[in-house]
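Remarks on the structure that follows.
All chains are named by letter (A, B, ...) in the order of the sequence lines, taking the proteins before the strands, and each is independently numbered beginning at 1.
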Amino acid sequence: MKEKLKGNGKKGTFYITTPIYYTNDNLHIGHTYTTVAADAIARFRRLQGRDTFFLTGTDEHGQKVQRRAEASGKDPKAYVDAIVERIKALWAKMGISYDHFIRTTDPGHEWVVQQIFEKIQAKGDIYKAEYEGWYCTGCEAFFTETQYKDLGGRCPDHDAPLERLREESYFFRLGKYADRLLKHIETHPEFIQPVSRRNEIVSFIKQGLEDLCVSRTTFSWGIPIASDPRHVIYVWFDALSNYITAIGYLTDEEKFRHYWPADVHLIGKEITRFHCIIWPIILMALDLPLPRRVFGHGWLQLESGKMSKSRGNVIDPLVLIDKYGVDAVRYYLLREIPFGADGFYTEDALILRTNVDLANDLGNLLSRTTAMINQAFGGRIPEPGPAEAIDRELPELAKSVLGEVETAIDNLEISGALTALWKLIDRSNKYIDETSPWALARDEKTRGRAGTVLYNLAETLRILGVALTPFLLEAPREIWKQLGLDADVTKAAWDEAKAWGKLPPGAPVRRGLPLFPRIETKDATANEAGKETAPTAPTAPPLISIDDFRKLDLRVARVLAAERVAGADKLLRLEVQVGREKRQIVAGIAKHYEPEALIGQDIVVVANLRPAKIRGLESNGMLLAASTEDGSQLGVVTPERPVPPGSRVK
RNA sequence: GGCGGCGUAGCUCAGUUGGUCAGAGCAUGCGGUUCAUACCCGCAGUGUCGGUGGUUCGAAUCCACCCGCCGCUACCA
C-alpha cells in the first residue's frame, strides 16, 4: 500500500490534478493555495525523476457563466476566454508548472464527454425521467426541498412563490453503485483524506444515494447530449470527466493508460462529495479504475470571515506577488497551514514568515557564508580538510532531513517538508556559532579548519538549493549562483541533493544582494503615515541650509529590471533595490536609455519622495539624471565606484 | 434535530495504545557573539491542558454531563 501512495506503481508515473476552476469570476488566494500546493508536489516528483503529469484548467459551462456573459453583453465563449487569459497569467506569475491546461470548452473534451454520456446511457445507468421540484421562473432554476423549507416557499431574489414543476431530465443511477463504493472506501483508507472528510462521505453514502439529475434544459451554455440536443449535459459529467479527457481517454488510449489512475486529486474540502461519490461512480460505470487518492484540503480563510467578493475582502494574489515576491507568497502558502486543516490568511503572518524563515534564517545563512568565504579565502570555495565529530553532524542531518522531506511529501504534508528543511538551516546557523570560522581563519594554524567549516556550509546550501526547487522559484537559482555553480539548479536531480560533497572547491562565490530582504514593517507604517502629512516640496530657493539638504534621502539603488511603459514614449518602469527594499520607480528617460542598458546599473534615487502615480503606475522615488535645458542630452547619475545599494548619498 | 470534530503557554499549534506529556515555533525578557540581512547562538519563563463529576495507584490522554466553536446533513460550481 505504501508503494501505491508514492506513485503509479511500476510505471513510475505520477498524475496530479487541481480542480478545474469555475470561470464566473477571477481567482483569489484560495485557488492559488490549491494550485501552488499541487505545483510543489508535481515539482517534487519531477525532481525525483518521476514521469509526472500535472493538470489544471477551467470549468466554463453553466448557467452562472451564461448569465454573467449576458450581463456584460458578451458571448459566453468570449467572456470565458478573457477570464482564462487572466488565470493563465496568474499561473505564469506564480510559476505553476502544469503540463496541460484543460478547458471544458475544448472541442476534444466536449466530444469525449458526449461519448461518456452515451456509453453509460447504453449501459442503462443513465435513464430519462421526470424531474419534479420547486421552480422559480425568474431564476429559471430549481430549488431543493430543504431550500424550499428554509425560504418559506418564496424565491429570495424575486420574492415570488416557488412553483411545483416537472421537467424531463436524464438521471444517473448513483444508488446502484453505493455498496461498491462504500466497500472501496473501507478497503482503501488512503482514498479519501484527511479522515474527517472520509467520515463525512461514509455517513453520507450510508444515508442512501438518490439518483442524480445529470442534464438541464433551462440553459444552453453546455455540452448537448448528442442524441437529444435539447438537453445539456450537466456539470458532473462535464467537469469531473476532465481528469480523464485531458490525458487521452477515448482519443489517446496509450497515454491514458500510462497516467491513469490519477495519484492525487487535490481539491478544496467543499467539493469532496463530488469527487468522492459522483466521480468514482462515473468511473465505475465506465469500468475504469478509481483515483488513488482524493485529498480535500482546508480553506485559507480571512480573519474577517470567508472570502467573498461582496465583502470586498478578496485577496488578490497578483498584488501580493508584486509586493513581496513570488517566493515569499509561495513559501507562506505552503508553510503556514498544515495541509488539510483550515488556516487564516493574514498579511502580518506572511511578513513574519518571510522575515524570520526566509530572510533571517535562510538568506542570512547564505549571506554570512559567502561573506566569510570572500574574506578568508579570496572568494573561492575552500578545500575541506579532515572532518571532526561536529563536522559530520551536518551531512548526517542533511541525509535524515531529506528522508523526512520524502516522507512528508508522500503524505502530502508540504508544510512538514519545509519544517524539516528548516531544521537543516537552523543547524547550519548554529554550526557557525559553535565553530566560529571567522576566528579560525585569522590564525594560520586553524585556517584549514575554517576552510572545512565553510565548505560544509556552502555544501549544505548547495543541497538546500536543490531541495527547495519544488517550493521556491527564484531563491534556489540565486543560491547556486552565489555559490559559483553555473549549472541550472532546476535541472538538478533529487539524488544530487542526497549526495554530500558535490560542490567543487575553488569555485568563485558571487556574493550578491540579500536573498530575501527583510520587510521593514515599521518603515512601511511610517511611510504610510507620511503620505498624508508630508508637506509639499518647497520651490527651490537660491540658497538652502545643510539641514534643508538633509531632508533629501538620496540613496544608491541597483536596477533589477527595466521596461518601457506601454503607451508612453518617455517613460521607463524600473525595479530597483534600495538597501533591503525593492521599489518600483517610473522615470522619464526612455528617449535616452534602452531598458536593457540600465539593468544591473547602480543609480542614485531620491528615496523619500512621496509616492506618485504616473500612467497608472506607482512610482516610489525618483532617479537623478543630469540633462541639458532643452532635454536633448541626458545622463543618469551613478556612483563613480561600486558601493552597496542603499548607501546614502550626501 | 442527526452524525462527526475541536476547545493545551500572549499568538499558531504538537501531544502515539493513560504513568518525565505539560511541549514546539513565533512574540517577550536576559545573556553571548560580531562572519552576517539590527542577524545568529544560548537561557528563562508564564499554562487550573474549556467546565463539572467519574473510572484508575495514576488522565490533557478513558467515560458521563455541561458550555463554546466548527464541519457534513445532495443536484451551486
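For A:Leu174, the listed nucleotide lying nearest its side chain is B:rA74; candidates were B:rC35, B:rA74, B:rU37. Each of B:rA36, B:rC41, B:rU37 was ranked by its minimum atom distance to the side chain of A:Gln375; first place goes to B:rA36. Picking from B:rG71, B:rU37, B:rA74 the nucleotide with the shortest atom distance to the side chain of A:Lys269 gives B:rG71. Checked against B:rC76, B:rC35, B:rC3, the side chain of A:Ser203 finds its nearest nucleotide in B:rC3. Set against B:rA36, B:rG71, B:rC75, the side chain of A:Ala371 has B:rA36 as its closest nucleotide. With B:rU37, B:rA27, B:rA74 as the candidates, the nucleotide lying closest to the side chain of A:Val356 is B:rA27.
B:rC40: Watson-Crick or G-U partner is B:rG32, with both key distances under 3.5 Å. As the counterpart of B:rU48, no nucleotide is assigned, since no Watson-Crick or G-U wobble pattern has both distances under 3.5 Å. Base pairing of B:rC13 is made with B:rG23, judged by Watson-Crick or G-U wobble geometry with both donor-acceptor distances under 3.5 Å. Across all strands shown, B:rA74 has no partner, as no Watson-Crick or G-U wobble contact with both distances under 3.5 Å is found. In a base pair of the Watson-Crick type (N1 to N3 plus N6-O4 or O6-N4) or a G-U wobble (N1-O2 and O6-N3), with each distance short of 3.5 Å, B:rC69 is matched with B:rG5. The partner of B:rU56, taking Watson-Crick or G-U wobble pairs whose two distances both stay under 3.5 Å, does not exist in any strand shown.
The side-chain tip of A:Arg216 does not point at the ring of A:Tyr170 from less than 6.0 angstrom away and within 45° of straight on.
Within 4.0 Å of A:Leu352, counting heavy atoms only, lie sugar-phosphate atoms of the nucleic acid but no base atom. Looking at heavy-atom distances under 4.0 Å, A:Asp361 makes contact with sugar-phosphate atoms alone, never a base. A:Ile278 comes within contact range of no nucleotide atom at all, as no heavy-atom separation falls under 4.0 Å. Counting non-hydrogen atoms under 4.0 angstrom, A:Gly208 reaches a base of the nucleic acid. Residue A:Glu270 is in base contact, counting any heavy-atom pair closer than 4.0 Å across all strands shown. Among the atoms of the strands shown, none is found under 4.0 Å from any heavy atom of A:Tyr21. A:Glu434 comes within contact range of no nucleotide atom at all, as no heavy-atom separation falls under 4.0 Å. Using a 4.0 Å heavy-atom cutoff across all strands shown, A:Ser196 reaches no nucleic acid atom at all. Among the heavy atoms of the strands lying under 4.0 Å from A:Ala359 is at least one base atom, whether or not backbone atoms are also near. At a threshold of 4.0 angstrom between heavy atoms, the contacts of A:Arg198 with the nucleic acid are absent.
Nucleotides B:rA22 and B:rA64 have their P atoms positioned 26 Å apart, rounded to a whole Å. Taking atom C1' in both B:rG25 and B:rU8, the straight-line distance is 15 Å, to the nearest Å. Comparing B:rC26 with B:rG68, their P atoms are spaced 36 Å from each other, to the whole Å. Taking atom P on both B:rG31 and B:rU37, the two are 24 Å apart, rounded to the nearest angstrom. Going from the P atom of B:rC70 to that of B:rC63 covers 24 Å, rounded to whole Å. Taking atom C1' in both B:rC57 and B:rA44, the straight-line distance is 35 Å, to the nearest Å. Comparing the C1' positions of B:rC13 and B:rU52 gives an interatomic distance of 27 Å, to the nearest angstrom. On the C1' atoms, B:rC41 is 23 Å away from B:rA9, given to the nearest whole Å.
In summary, the aromatic rings of A:Phe274 and A:Trp236 are positioned with their centroids under 6.0 Å apart. For A:His297 and A:Tyr33, the ring centers sit closer than 6.0 Å to each other. In this structure, A:Phe295 has its ring center at least 6.0 angstrom away from the ring center of A:His265. Ring to ring, A:Phe172 and A:Tyr127 are not that close: their centroids are 6.0 angstrom or more apart.
Atom-to-atom, CG of A:Asn199 to P of B:rC6 comes out at 11 Å; the value is rounded to the nearest Å. Separating the CD atom of A:Glu336 from the P atom of B:rC26 is a distance of 12 Å, rounded to the nearest angstrom. With rounding to whole Å, A:Leu209 atom CG is found 12 Å from B:rA74 atom P. Atom-to-atom, CG of A:Leu358 to P of B:rC26 comes out at 14 Å; the value is rounded to the nearest Å. Spacing between atom CG of A:Asp426 and atom P of B:rG25 amounts to 9 Å, rounded to whole angstrom units. What separates CZ of A:Arg368 from P of B:rC41 is a distance of 7 Å, to the nearest Å. Separating the CG atom of A:Asp211 from the P atom of B:rA74 is a distance of 16 Å, rounded to the nearest angstrom. When rounded to the nearest whole Å, the span between NZ of A:Lys430 and C1' of B:rC43 equals 12 Å.
In the interface, the side chain of A:Glu200 is not paired with the base of B:rC3 through any donor and acceptor atom under 3.5 Å apart.
Heavy-atom distances under 4.0 Å link RNA chain B to A:Trp438, A:Arg442 of residues 435-443 of chain A, given in residue order.
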Does the salt bridge (Lys or Arg N to Asp or Glu O under 4.0 Å) test come out yes or no for A:Lys128 and A:Asp228, once each step is laid out? CA-CA 11 Å; A:Lys128 198 192 253 191; A:Asp228 192 357; 3.1 Å; yes

May I have the step-by-step check of salt bridge (Lys or Arg N to Asp or Glu O under 4.0 Å) for A:Arg447 and A:Asp443, ending in yes or no? CA-CA 6 Å; A:Arg447 216 177 114 78; A:Asp443 188 337; over 6 Å; no

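Of the residues near RNA chain B, A:Arg353 and A:Gly363, the one whose nearest nucleotide (by heavy atom distance) lies more toward the 5' end is A:Arg353.
Residues A:Ile233 and A:Ser215 form no side-chain contact, since every pair of their non-hydrogen atoms from C-beta on lies 4.5 Å or further apart.
Of the side-chain N and O atoms in A:Arg427, none sit less than 4.0 angstrom from OP1 or OP2 of B:rC40. Remark: A:Gln207 is not in phosphate contact with B:rC72, judged by side-chain N or O atoms under 4.0 Å from OP1 or OP2.
Closest approach of A:Leu362 and A:Leu515 over heavy atoms only: CG-CD2, 4.0 Å. Between A:Arg230 and A:Thr217 the shortest heavy-atom distance is O-CG2, 3.7 Å.
A:Trp422 and A:Tyr331 have tilted rings, their planes meeting at an angle from 30° to 60° on a 0 to 90° scale.
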